[in-house]
Amino acid sequence: MGAAISAIRSYFTVPAVWLCGVVAALGILASYYSYIYIHPYASLGIITLTLLILPFFLAGTYGLILDGNKKKGAFMIYARFGYPRCLLPALFIGLICVLLCRIFGTIGMCLCIPLLFFTYFADITAIRHNLKTGQAFSDSAKRVTGGLLPVIVFYLGNVIAVLFMSIVMDFIFSGFLSLLGEETLTSVTTISETIMADPSAFSSNQTALLEMGAQLAAVPGLMQSLVFTAAVMALIFVPFFTAYKAYFFKALIAAQAVVAAAQAAAKKTADEDSAEVKAEGEENTAAAEKASPFTNLIQREIPQEILQKQEKTAYDPHAGEDGEYDDKGRWFKYK
């Protein structure tokens with residue numbers, strides 16, 4: 001919740017977040033008009049160019065939020081530094097998802113969900129910790145598994161934001177349709193009623209569905225309304241999702257750093273306590289052996305000559321000879 005509130009505040013406190021929305025909105029409008037007035041391939045080129053440029057502005061926004069730097073020129077520094085670190089993970093994951101969907105179809109789409117779940121923070125952690133692409137994927141997965149509950153809450157927050165966005169989109173789309181005149185509204189209503197009258201006929205008949213889609217595209221002003229609505233939504237919500245991700249990741253790594261520091265301190269304390277206990281135990285053992293009543297009893301009660309004889313028992317060079325030791329331990333041989 002705190003990250004979402006901070007993301008909303010960033011509209012006013014971090015104006016650079018708007019750049020991501022502006023680039024996305026302009027890319028949508030440019031691709032549409034290039035499709036209408038130039039060529040479909042020109043539209044595809046603009047879409048591709050937009051997707052390649054957008055990580056530059058994402059990297060700059062991530063850097064500003066993560067470091068809290070509002071100095072002049074900071075955005076460009078972060079953008080130039082983080083652009084390749086933000087672009088490469090996105091391209092790699094996008095390529096894998098496209099291949100999965102092309103090869104496995106619906107199953108491939110399902111496989112993309114856990115892939116995105118664990119690698120969603122790869123771009124921002126690559127920027128924050130200056131990691132290569134493979135290291136960024138590994139670090140993202142570790143941070144997701146290390147803070148699973150907060151991450152799940154974060155994803156639910158994104159889902160709620162998407163639902164709210166769909167409601168806002170419906171109002172905006174209806175507003176654009178109303179501006180374009182009654183003819184457009186009547187055509188859209190008629191086609192929608194036809195589809196709703198027998199949905200199974202269109203879901204099972206791909207040709208009929210394509211024909212209905214062509215009719216919708218031919219409605220005057222409908223495509224313009226869709227494109228303008230998409231552009232407005234991108235302008236408003238792309239900054240939110242960007243800032244929301246950055247603020248959450250900032251809080252996540254801070255919390256995980258505190259936990260890691262506490263664990264390290266606890267381990268260090270445990271190691272020190274173990275070493276102290278071991279040293280104290282050795283000292284106590286030595287003192288106990290030194291002050292043992294049994295040791296004192298041996299020293300007091302057993303005559304020294306017996307102890308000397310016990311010491312000699314271990315190895316006696318004169319064993320078997322005819323003689324004896326005197327009081328000083330000297331050997332005298334009998335004649």
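As the structure is a computational prediction, the values presented were derived from the model and not from experiment.
Comment: K245 engages D123 in a salt bridge, judged by a side-chain N to carboxylate O separation of less than 4.0 angstrom.
Side-chain atoms of T125 never come within 3.5 Å of backbone atoms of A122 as a donor-acceptor pair (strictly under, hydrogens ignored). No side-chain donor-acceptor contact under 3.5 Å links S140 to the backbone of F137. Judged by distance alone, with hydrogens and angles left aside, the side-chain atoms of N158 form a donor-acceptor pair with the main-chain N or O of F154 at under 3.5 Å. Between the side chain of Y62 and the backbone N or O of R128 there is no donor-acceptor pair closer than 3.5 Å.
For the atom pair CG of L64 and OG of S10, the computed distance is 11.0 Å after rounding to the nearest 0.5 Å. The distance from atom CG of L100 to atom CG of L95, rounded to the nearest 0.5 Å, is 9.5 Å.
Two residues are said to be in side-chain contact when any heavy atoms from C-beta on lie closer than 4.5 Å; L91 and L52 meet this criterion.
At most 12 heavy atoms of other shown residues, nucleotides or ligands fall within 6.0 angstrom of atom OH in Y35. Environment of CD1 in I107: sparse, with no more than 12 heavy atoms of neighbouring residues, nucleotides or ligands closer than 6.0 Å.
Ring geometry for F240 versus F237: interplanar angle over 60°, hence perpendicular rather than tilted (30 to 60°). Classification of the F75-F56 ring pair by plane angle, with boundaries at 30° and 60°, yields perpendicular. Between H129 and F249, the angle of the ring planes goes over 60°, which puts this pair in the perpendicular group of the 30/60° scheme.
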